[in-house]
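Structure first, then comments.
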Amino acid sequence: MLPVLSVCMGIVAFSAMDAAMKGASIAIGVFSALLFRYLIGTVLTFPIWFYAGRPLPDRSVLIVHVQRAAIVTAMAALFFYGVVRVPLAEAVALSFIAPIVALYFASLLLGEIIRPRAIVAAAMGIVGVLVIGAGRLGTGTYSSQAIEGVAATLGSAMFYALNLVFQRKQALVAGPVEIAMFQNLIVALILLTFSPWLTVMPDAASLHLTLVGAVLATMAILFLSWGYARAEAQVLLPIEYTAFLWAALFGWLQFGEEVGITTVLGAVLIVIGCLIGARNAKTGL
């Protein structure tokens, strides 16, 4: 169960990071918030990497680092473009199509056998998401900006599905410290390519939010990398659904976003799916 607990901690850290980055993205724009987050993340992870013996990837592993960094760049940009336009919990709920898609990516790219219990767990999670979505859509109409946000979030979910699979692939060939260092560094380099045209300099409050986001993201990468190196992707994927619970909490605390009864019902179904997935990890069925 230790890999399961490690991934749970990673999800909590990433959910808190989402809230911090939403605030920064509203203030200075998505691009600048991401750029400064990954620059700060690189600075934070460098001493950890240095004192861990400065692990360097060989050519084949570096290719995996670059591939995942490119996926993460697209995923993050689309997600935060969406999350600025829709409530945090709603964006996370929409992103839950990713673990379902990732089950098939894991089979295609990693050669994992999709077990019936893992499919049931994923199905329970998606039913919960549908209940949440029905409650949200039944309360009113979407503005054009909200529609853009939903489309961006769904696009991000496709990249997220690939990210989940590459997360497992990467964790099998590199340690958590190496992964954290090179993901922050490579994403920062990708974003720096566009910085002369898109960067907005942050004020003190926005810089603080990006700093918090970078710290939380680094913690999340370390927890997730450790967990995904020790259990199959299909075992850990249902745990991704707990992100909704944390998104609802952080969205309410920071932005006053309310959670309705359908949200609670959907969350219960999602947790049931996660428990089924955790039982899959213990029994190996």
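What's counted below: heavy atoms across the whole structure, side chains too, no hydrogens, waters or symmetry copies. Given the structure is predicted, the values throughout are model-derived calculations rather than measurements.
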| request: Measure across Pro3 and Arg230 and return the closest heavy-atom pair with its distance rounded to 0.1 Å. | output: CG-CB, 3.7 Å
| query | Hey, what do you get for OG1 (Thr242) to CD1 (Ile11), rounding to the nearest 0.5 Å? | reply | 5.5 Å
| message | What's the separation between atom CG in Leu211 and atom CG in Leu216, rounded to the nearest 0.5 Å? | response | 9.5 Å
| Can Ile28 be reached from Leu34 by stepping across I, L, V, M, F, W or Y side chains whose heavy atoms are under 4.5 Å apart? | no
| request: Give a yes or no on whether the backbone of Ala247 and the side-chain of Ser15 come within a donor-acceptor separation of less than 3.5 Å. | output: no
| query | Are Leu56 and Val66 co-members of a hydrophobic cluster defined by side-chain heavy atoms under 4.5 Å apart? | reply | yes
| task | For the residue pair Ile186 and His65, establish whether any side-chain heavy-atom pair is separated by less than 4.5 Å. | result | yes
| To the nearest 0.5 Å, what is the distance between CZ (Phe250) and CG (Asp18)? | 9.5 Å
| task | Please report the closest heavy-atom contact between Leu88 and Lys22, naming both atoms and the distance. | result | N-NZ, 3.7 Å
| query | Is there a path from Met75 to Val7 through hydrophobic residues (I, L, V, M, F, W, Y) whose side chains come within less than 4.5 Å of each other? | reply | yes
| request: Quick one: pull up CG in Leu189 and CG in Asn184 and give me the separation to the nearest 0.5 Å. | output: 11.0 Å
| task | Let me see the working for Leu191 and Thr73 under side chain to side chain contact (heavy atoms under 4.5 Å, CB included), right down to the final yes or no. | result | CA-CA 8 Å; Leu191 293 172; Thr73 303; 4.0 Å; yes
| field | Qualifying residue, where the test is side chain to side chain contact (heavy atoms under 4.5 Å, CB included) with Ser206 and the options are Thr210, Asp203, Leu209 | value | Asp203
| query | Any sub-3.5 Å donor-acceptor pair from Thr218's side-chain atoms to Ala214's backbone N or O? | reply | yes
| said: Just to verify, which of Ile63, Val61, Leu62 counts as forming a side chain to side chain contact (heavy atoms under 4.5 Å, CB included) with Arg59? | reply: Ile63
| request: Indicate yes or no: at least one non-hydrogen side-chain atom of Tyr38 is less than 4.5 angstrom from one of Val72. | output: yes
| note | dist Leu249:CG -> Gln254:CD (nearest 0.5 Å) comes out at 11.0 Å
| query | What's the verdict on side chain to side chain contact (heavy atoms under 4.5 Å, CB included) for Leu5 and Met9, showing C-alpha distance, side-chain angles and the deciding distance? | reply | CA-CA 6 Å; Leu5 292 174; Met9 292 299 296; 5.7 Å; no
| query | What are the two closest non-hydrogen atoms of Leu222 and Pro176, and how far apart are they? | reply | CD2-O, 3.5 Å
Donor-acceptor pairs under 3.5 angstrom involving side-chain atoms of residues 44-53: please list them, not counting sequence neighbours.
{"from": "Thr45", "atom 1": "OG1", "to": "Gly41", "atom 2": "O", "distance (Å)": "2.8"}
{"from": "Thr45", "atom 1": "OG1", "to": "Thr42", "atom 2": "O", "distance (Å)": "3.3"}
{"from": "Trp49", "atom 1": "NE1", "to": "Pro55", "atom 2": "O", "distance (Å)": "2.8"}

| Should Ile221 and Leu2 be regarded as members of a common hydrophobic cluster, given that ILVMFWY residues are connected when their side-chain heavy atoms come within less than 4.5 Å of each other, either directly or indirectly? | no
| field | Passing option when Phe31 is tested against Phe80, Phe36, Tyr81, Phe194 for side chain to side chain contact (heavy atoms under 4.5 Å, CB included) | value | Phe194
| request: Kindly compute the distance separating CE (Met158) from OG1 (Thr153), expressed to the nearest 0.5 Å. | output: 11.5 Å
| query | Can you tell me if CH2 on Trp226 sees more than 12 non-hydrogen neighbours from other groups inside 6.0 Å? | reply | yes
| said: Just so I know, are the side chains of Arg68 and Ile179 near enough to count as touching, which here means a heavy-atom distance under 4.5 Å? | reply: yes
| Close side-chain approach of Val92 and Phe79, heavy atoms under 4.5 Å | yes
| What closest approach, in Å, do Leu35 and Ser195 show between heavy atoms, and which atom pair accounts for it? | CD2-CB, 3.9 Å
| said: Tell me whether Leu192 shares a hydrophobic cluster with Leu198, the cluster being built from Ile, Leu, Val, Met, Phe, Trp, Tyr side chains joined at under 4.5 Å. | reply: yes
| request: Write down the atom of Met219, the atom of Ala13, and the distance for their closest heavy-atom approach. | output: CB-CB, 4.5 Å
| request: With side chain to side chain contact (heavy atoms under 4.5 Å, CB included) as the test, would you mind laying out the steps for Leu224 and Phe14 before giving the verdict? | output: CA-CA 10 Å; Leu224 291 171; Phe14 259 138; 3.2 Å; yes
| query | Between Met21 and Ala33, what is the shortest heavy-atom contact and its length? | reply | CE-O, 3.3 Å
